[in-house]
Amino acid sequence: MTPGMRNSLDLEGRPQDTRIVVAMSGGVDSSVTAALLKSEGYDVVGITLQLYDHGAATHRKGACCAGRDIHDARNVAERIGIPHYVLDYESRFRESVIDNFADSYALGETPVPCIECNRSIKFRDLLATARELGAQALATGHYVASRRLADGSRALVCAADADRDQSYFLFATTREQLDYLRFPLGDMTKPQTRELARRFGLEVAEKQDSQDICFVPTGRYTDIIGRLKPGAIEPGDIVDLEGRTIGRHQGIVHFTVGQRKGLGIAAGAPLYVVKLDAVSRRVVVGPREALRMDRILLRDVNWIGDGALDRVIGDGIEMFVRVRSTRAPQPAWLRAVDGGYEVELVAGEEGVSPGQACVFYDAPAGQARVLGGGFIKSATARHPVTRGGAQEKAAPLAEVMRT
């Protein structure tokens with residue numbers, strides 16, 4: 001390789017002189033990442049994290065980071081001929097992810113633990129370990145890509161396979177972390193990844209993708225919350241927008257904003273969860289139109305677009321935002337408000353839930369650049385609820401409950 005030329009990971013030096021740590025979960029994606037880099041000649045080191053007591057999840061399909069996954073990761077490492085280490089991150093995972101997950105639900109939010117895991121465990125703690133091992137980069141099997149910018153820094157962009165794109169879960173990645181991270185699968189589709197696994201002779205080629213929250217082996221997240229935050233399981237009232245009690249519930253953790261089924265109440269028209277009031281333990285329900293919100297107040301905003309956010313925001317930045325991982329980005333404005341940041345949705349959005357992420361993009365589709373994002377603190381509507389095609393004057397309590 002000519003001096004100054006860059007390898008396939010956009011790093012200087014020959015692959016054989018370049019150490020890469022690969023985060024190996026035991027799934028097909030991270031396994032192919034390790035095998036692919038090894039086949040290209042890189043000095044690959046595989047690391048698997050033991051994040052929780054995996055005994056109950058060992059044989060459960062759809063659970064990740066379990067005992068079986070550690071075994072699979074070890075087998076893949078042996079198959080492709082790389083060193084493999086299992087690190088005990090249980091205590092830090094419990095403090096940074098599980099405890100925060102329970103706290104968030106107890107506050108009436110709907111958290112996304114994968115975001116916190118990426119931010120505080122994989123891209124902070126594991127990244128530091130990779131540096132200590134003398135690695136030039138930490139590679140993962142995420143379906144997201146990064147691109148070198150003109151100034152030498154890197155931009156985070158959506159994956160080529162829109163159905164597998166994981167950019168929503170990585171919005172909290174910092175510029176410094178992006179410089180060190182690599183995502184070899186960002187320009188591949190899932191079928192292409194599985195075909196590579198077959199070519200490399202990996203036993204995990206047909207392994208099922210993880211689907212559930214990894215530390216909830218039974219699928220009942222309320223069990224964990226009930227153990228850590230018993231108050232979140234206490235019963236309370238189900239009320240309408242005017243504050244009238246129309247039913248009872250067995251704990252706000254059983255509900256999320258936008259939910260329709262499982263309310264346990266009879267009504268002449270469909271009702272949806274509009275808000276969860278943790279202080280009064282009330283579940284507020286209303287018609288579907290009451291779900292549509294236009295303004296979102298954010299916390300913990302991370303900006304990885306060009307320049308410093310406070311300098312470039314001006315009167316507002318036009319962008320596209322995604323308020324849930326399964327939603328398509330839609331046009332919006334990001335503005336500075338009272339020392340924080342607020343997103344105004346051009347067309348509004350239903351089911352905006354505190355605790356979820358609001359992720360910024362520079363385009364509505366394709367391999368759009370991720371500009372950052374923040375966690376949803378609260379959401380409000382621009383107009384009163386309408387019924388039967390006419391506007392109704394919203395009751396004072398209704399306004400209080402929706403802010």
Side-chain angles (χ1 to χ4, degrees), residues 104 108-112 115 156-158 162 165-172 241 256-260 272-276 284-306 309-310 312-366 368-387 389 391-392 394 398-403:
S104 184
E109 299 179 339
T110 304
V112 189
I115 293 176
L156 187 68
V157 301
C158 294
D165 176 60
Q166 294 173 293
S167 60
Y168 180 87
F169 303 100
L170 301 179
F171 84 87
L241 291 178
T256 185
V257 172
Q259 179 178 332
R260 175 184 173 186
Y272 299 79
V273 176
V274 176
K275 180 180 174 62
L276 300 174
V284 184
V285 298
R288 182 170 180 173
E289 54 263 35
L291 289 173
R292 184 161 291 276
M293 299 294 163
D294 304 281
R295 298 181 186 278
I296 302 173
L297 185 64
L298 301 177
R299 61 174 174 83
D300 300 332
V301 170
N302 180 56
W303 178 256
I304 50 176
D306 294 332
L309 180 56
D310 290 338
V312 302
I313 196 166
D315 293 330
I317 302 174
E318 193 172 7
M319 59 177 57
F320 298 86
V321 304
R322 175 179 281 155
V323 297
R324 290 208 180 195
S325 61
T326 55
R327 304 278 178 87
Q330 65 158 293
W333 286 87
L334 175 67
R335 296 188 174 94
V337 178
D338 298 329
Y341 299 97
E342 180 184 78
V343 164
E344 180 182 357
L345 301 166
V346 173
E349 181 73 272
E350 293 183 355
V352 179
S353 179
Q356 296 280 299
C358 178
V359 181
F360 315 150
Y361 299 87
D362 70 350
R369 180 181 177 183
V370 181
L371 302 176
F375 290 101
I376 298 171
K377 184 176 182 180
S378 63
T380 56
R382 185 185 300 114
H383 302 295
V385 175
T386 60
R387 295 176 184 168
Q391 288 190 355
E392 287 189 355
E399 281 299 314
V400 171
M401 299 306 298
R402 295 175 63 196
T403 59

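Side chains included, hydrogens not; waters and symmetry mates left out as well; all remaining heavy atoms used.
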_For Glu349, run the side chain to side chain donor-acceptor pair (under 3.5 Å) check against Arg322, Arg324, Arg327, Arg292 and tell me which one passes._
Arg327
*About how many Å separate CE of Met319 and CH2 of Trp333, when rounded to the nearest 0.5 Å?*
10.0 Å
*Give a yes or no answer on whether the side chain of Asp362 reaches the backbone of Arg369 with a donor-acceptor pair at less than 3.5 Å.*
yes
_Taking the side chain as everything from C-beta on, heavy atoms only, tell me whether Leu309 gets closer than 4.5 Å to Leu334._
yes
*Could you state the interatomic distance from CG (Leu371) to CG (Asp306), rounded to the nearest 0.5 Å?*
8.0 Å
*Please report the shortest heavy-atom distance between Ala357 and Ile115, naming the atom on each side.*
CB-CD1, 3.6 Å
*Looking at side-chain heavy atoms only, is the closest gap between Phe360 and Leu298 below 4.5 Å?*
yes
*Please tell me if the side chains of Ser325 and Val359 come closer than 4.5 Å, counting only heavy atoms from C-beta onward.*
no
_Separation of Thr380 OG1 from Met293 CE (nearest 0.5 Å)_ = 7.5 Å
*asked:* Show, in sequence, the C-alpha distance, side-chain angles and deciding distance for Asp315 and Arg335, and conclude whether the side chain to side chain contact (heavy atoms under 4.5 Å, CB included) test is met.
replied: CA-CA 7 Å; Asp315 293 330; Arg335 296 188 174 94; 6.0 Å; no
*Measuring from Cys358:SG to Lys377:NZ, what's the distance to the nearest 0.5 Å?*
15.0 Å
*Shortest non-hydrogen contact between Gly348 and Asp294, atoms and distance*: CA-OD1, 3.6 Å
*Closest heavy-atom contact between Val274 and Gly286?*
CG2-N, 3.5 Å
*Please work out which of the three classes, parallel, tilted or perpendicular, describes the rings of Phe375 and Phe171, given edges at 30° and 60°.*
perpendicular
*Would you name the heavy atoms of Cys158 and Asp165 that are closest together and state the gap between them?*
CA-OD1, 3.3 Å
_Val257 side chain near Leu291 side chain, heavy-atom distance below 4.5 Å_ = yes
*Taking all atoms of both residues into account, what is the closest heavy-atom pair of Pro111 and Ser104, and its distance?*
CB-OG, 3.4 Å
*Could you give me the CA-CA distance, side-chain angles and deciding distance for Ile304 and Leu156, then say whether side chain to side chain contact (heavy atoms under 4.5 Å, CB included) is met?*
CA-CA 8 Å; Ile304 50 176; Leu156 187 68; 4.2 Å; yes
_Contact between Val370 and Tyr361 at the side-chain level, heavy atoms closer than 4.5 Å - yes or no?_
yes
*Considering non-hydrogen atoms only, spot the tightest contact between Gln356 and Thr110 and give its length.*
NE2-O, 2.7 Å
*Test item: Glu350 side-chain N/O and Gly258 main-chain N/O as donor-acceptor pair under 3.5 Å*: no
*Are any of the side-chain heavy atoms of Val343 and Ile376 separated by less than 4.5 Å?*
no
